Amino acid sequence: MRNAFIDELCALARSNPHIALVVGDLGYSVVEAFEQEFPQRFFNAGVAEQNMTGLAAGLASEGFHVFTYSIANFPTFRCAEQLRNDVAYHGLPVTVVSVGGGLAYGNLGYSHHAVQDYALVRTLPGMTIAAPGCPMEVRACLRHLVRQPGPSYLRLGKAGEPALHANPPALEAGRWLRIQGPANPRRALLSTGAALAAALAWAQQPGHEDCAVYSLPLWGIAAKALQAEQIAAFNEVIALEDHLSDGGFGSWLLEAASTAGLAGRLRLRGLDAKVCGEVGSQAALNRLGGLSPG
Amino acid sequence: MKPTAFARRIRAHALRMVHGARASHIGSALSIADIVALLYAPEGGWLKVRAEDPGWPERDRFLLSKGHACVVVYAALAERGFFPVDELGTYGQDFARLMNHISHKVPGVEFSTGSLGHALPFGVGKALAAQTQGNSWRTVVLTSDGEWDEGSNWEALMFAAHHRLGSLSVIVDANGLQSLTTVDQTLRLEPLADKFKAFGAAVAEIDGHDPQALREALNRPHPHQPLVVIARTTKGKGVSFMEDSVAWHYRSPNDAQLTEALGEVGDA
């Protein structure tokens with residue numbers, strides 16, 4: 001996903017002179033392509049995420065669409081108030097990019113486990129969450145965010161996720177993307193972000209023959225309104241996320257379903273909080289947390 | 001109206017506003033009244049701004065980091081014609097756009113603050129944009145002294161010096177008081193000038209109640225460095241019973257105190 005990100009960002013920056021990239025001293029072997037091609041629009045803010053996010057907002061207030069880039073929790077929790085006050089409240093076109101969402105940095109320990117980031121970002125009015133499930137969805141998300149610039153959060157996996165679409169799919173915030181499944185599915189496995197791999201794995205499990213797999217790469221407060229009609233088409237919707245079930249994507253979907261009396265159709269399959277503090281590979285931790293099948 | 005008279009005018013507005021809203025922070029506002037007057041005075045104001053076109057691309061950008069002191073800025077903007085002076089009377093009312101921390105929804109205000117340590121990083125982004133795009137407008141950020149406890153300010157100053165942001169000027173309202181007691185007793189900042197110099201800024205130290213001194217400090221060339229002006233001020237300046245008092249960070253004047261304060265400020 002990182003390679004698709006930087007490749008697509010460079011492509012977009014060729015035709016859009018307002019795109020700038022500000023990194024928090026991270027991105028080795030990823031961001032150099034942008035730096036070399038657009039040195040006037042590339043800044044390394046150093047190991048200083050509050051300033052990185054504040055100055056990104058300042059740049060954005062003068063006409064730039066700024067992408068900040070860091071890993072795991074650093075561009076969100078470390079500078080949560082800059083994101084809330086400077087970026088989201090002022091409605092500025094800053095896209096916070098976090099690499100290694102979920103448990104991608106599983107072996108690096110709790111500091112690097114981004115399993116509460118949705119909970120933080122999804123409460124900010126005006127924020128678009130972009131959580132692509134494959135490299136083609138990364139490209140599609142970027143094109144959407146550049147076409148409709150605003151406060152946004154792009155969460156990237158780094159497990160070498162395979163492309164699941166032939167081309168970047170057409171995206172609408174809140175609209176589920178069908179990945180695979182039977183012709184008339186009774187149930188849906190709906191994932192966001194890199195949890196798409198877990199959704200595909202569950203679809204192979206016995207008892208899931210009636211499940212279609214969907215990805216929802218774009219969501220946020222404003223996209224809640226579109227959920228009820230999509231949930232209503234199924235007897236059951238299983239929401240998957242590589243994030244704690246507490247406060248994340250499933251909770252968001254549950255809130256949207258609840259207002260339409262559809263909460264009973266939802267099953268949440270996020271990570272149990274018992275993964276917090278455990279160290280291991282992404283696969284092992286996703287199994288321990290209950291996201292991936294045994 | 002020149003800065004000295006303008007300062008009297010905006011002090012009087014500020015007193016009436018906090019009295020009407022029973023609001024806090026009058027001491028912080030009076031502390032910066034002379035600075036804001038020099039920046040916004042109708043005659044000889046330092047900032048290039050246009051009331052009839054608040055988004056004029058060539059305007060100087062002013063950011064109030066100590067957003068709780070907003071009343072004097074609102075007063076200055078109203079007097080300059082950014083919005084009607086009568087609207088100052090709505091300050092702090094339910095759903096008013098003149099809320100008790102400075103708001104970007106008010107014409108002429110670039111940025112909302114209220115949490116400290118936010119405006120300097122934002123201003124650094126603006127100055128960086130100006131430098132990248134070859135624009136000549138200036139960015140001026142007014143901070144308190146206590147908010148230099150915040151690491152984000154030092155991060156931002158380091159970045160500004162590294163990137164040689166000469167269009168950025170920071171004014172520190174150094175009144176020596178913060179929320180509970182003096183700056184010295186809270187978290188010692190001195191030697192402040194040496195710290196700013198060590199971070200790579202050009203530094204000037206002035207009497208923050210002397211508009212001419214501030215003008216000279218801001219006019220001093222600093223082409224490849226951010227400028228930090230340490231403006232030594234008195235919290236509550238201009239009203240004897242509010243001066244140098246932590247209590248007037250919080251209290252709002254009663255009717256008698258308002259009358260007495262307006263008399264001392266002496267706005268015609």
Side-chain angles (χ1 to χ4, degrees), chain A residues 13 16-25 35 38-68 70 74-75 77-96 124-126 151, chain B residues 55 57-63 65 67 99 101-105 109-135 137-141 143 147 150-165 167-168 199 226:
Chain A
N16 183 335
H18 304 297
I19 290 175
L21 177 62
V22 183
V23 303
D25 204 36
E35 179 183 13
F38 309 104
Q40 302 300 316
R41 292 189 264 154
F42 175 87
F43 306 99
N44 185 349
V47 193
E49 292 80 9
Q50 292 186 74
N51 184 50
M52 172 179 77
T53 308
L55 82 84
L59 278 170
S61 75
E62 296 297 339
F64 287 95
H65 183 169
V66 185
F67 289 77
T68 62
S70 183
F74 311 154
F77 276 91
R78 184 58 180 258
C79 48
E81 203 180 52
Q82 279 75 18
L83 203 51
R84 176 185 184 272
N85 295 5
D86 305 354
V87 174
Y89 179 47
H90 289 83
L92 292 168
V94 174
T95 301
V96 175
L124 303 177
Chain B
E58 296 306 311
R59 74 193 183 281
D60 292 328
R61 275 65 163 167
F62 172 69
L63 309 171
S65 194
M99 61 184 200
H101 283 89
I102 200 156
S103 168
H104 66 288
K105 296 172 184 173
V109 175
E110 304 279 348
F111 186 54
S112 293
T113 56
S115 175
L116 298 169
H118 280 252
L120 187 53
F122 190 82
V124 164
K126 283 189 171 287
L128 187 63
Q131 180 167 288
T132 301
Q133 296 172 326
N135 293 314
W137 44 264
R138 323 284 299 179
T139 301
V140 178
V141 181
T143 76
E147 72 172 296
E150 295 279 6
S152 56
N153 280 329
W154 297 103
E155 291 178 10
L157 187 59
M158 230 184 326
F159 185 99
H162 181 89
H163 288 273
R164 304 161 69 88
L165 299 181
S167 69
L168 177 69
F199 270 67

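Just so it is clear: chains get the letters A, B, ... in the order the sequence lines come, proteins before strands, and each one is counted from 1. Everything numeric in this text was worked out from a predicted model, so none of it was measured.
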Can you tell me if B:Arg164 uses its side chain to pair, donor with acceptor, with the backbone of B:His162 under 3.5 Å?
no
Check for a donor-acceptor pair, side chain of B:Glu155 on one end and backbone N or O of A:Asn51 on the other, with a separation under 3.5 Å.
yes
With a 4.5 Å cut-off on heavy-atom pairs, point out which of B:Trp154, B:Phe111, B:Phe159 contacts chain A the most.
B:Phe111
Could you tell me whether A:Arg78 atom CZ has more than 12 heavy atoms of other residues or ligands within 6.0 Å of it?
no
Using a cut-off of under 4.5 Å for heavy-atom pairs, which of A:Glu62, A:Glu81, A:Met52, A:Gln50 has the most such pairs with chain B?
A:Glu62
Is it the side chain or the backbone of A:Tyr89 that comes within 4.5 Å of chain B heavy atoms, both, or neither?
both
Contact leader toward chain A among B:Glu110, B:His118, B:Lys105, B:Gln133, where contacts are heavy-atom pairs under 4.5 Å:
B:His118
Within residues 111-123 of chain B or reaching into it, pairs that qualify as salt bridge (charged side-chain N to carboxylate O under 4.0 Å, His left out) - sequence neighbours excluded
none
Do you know which of B:Gly114, B:Ser112, B:Ala127 has the most heavy-atom pairs with chain A at a distance under 4.5 angstrom?
B:Ser112
So, the part of B:Thr132 with a heavy atom under 4.5 Å from chain A: the answer is side chain
Is a side-chain donor or acceptor of B:Ser103 paired with a backbone partner of B:Met99 at a separation under 3.5 angstrom?
no
Per-residue contact mode, B:His104 against chain A (heavy atom under 4.5 angstrom):
side chain
Would you say the side-chain atoms of A:Gln82 pair up with the backbone N or O of A:Gly54, donor to acceptor, closer than 3.5 Å?
no
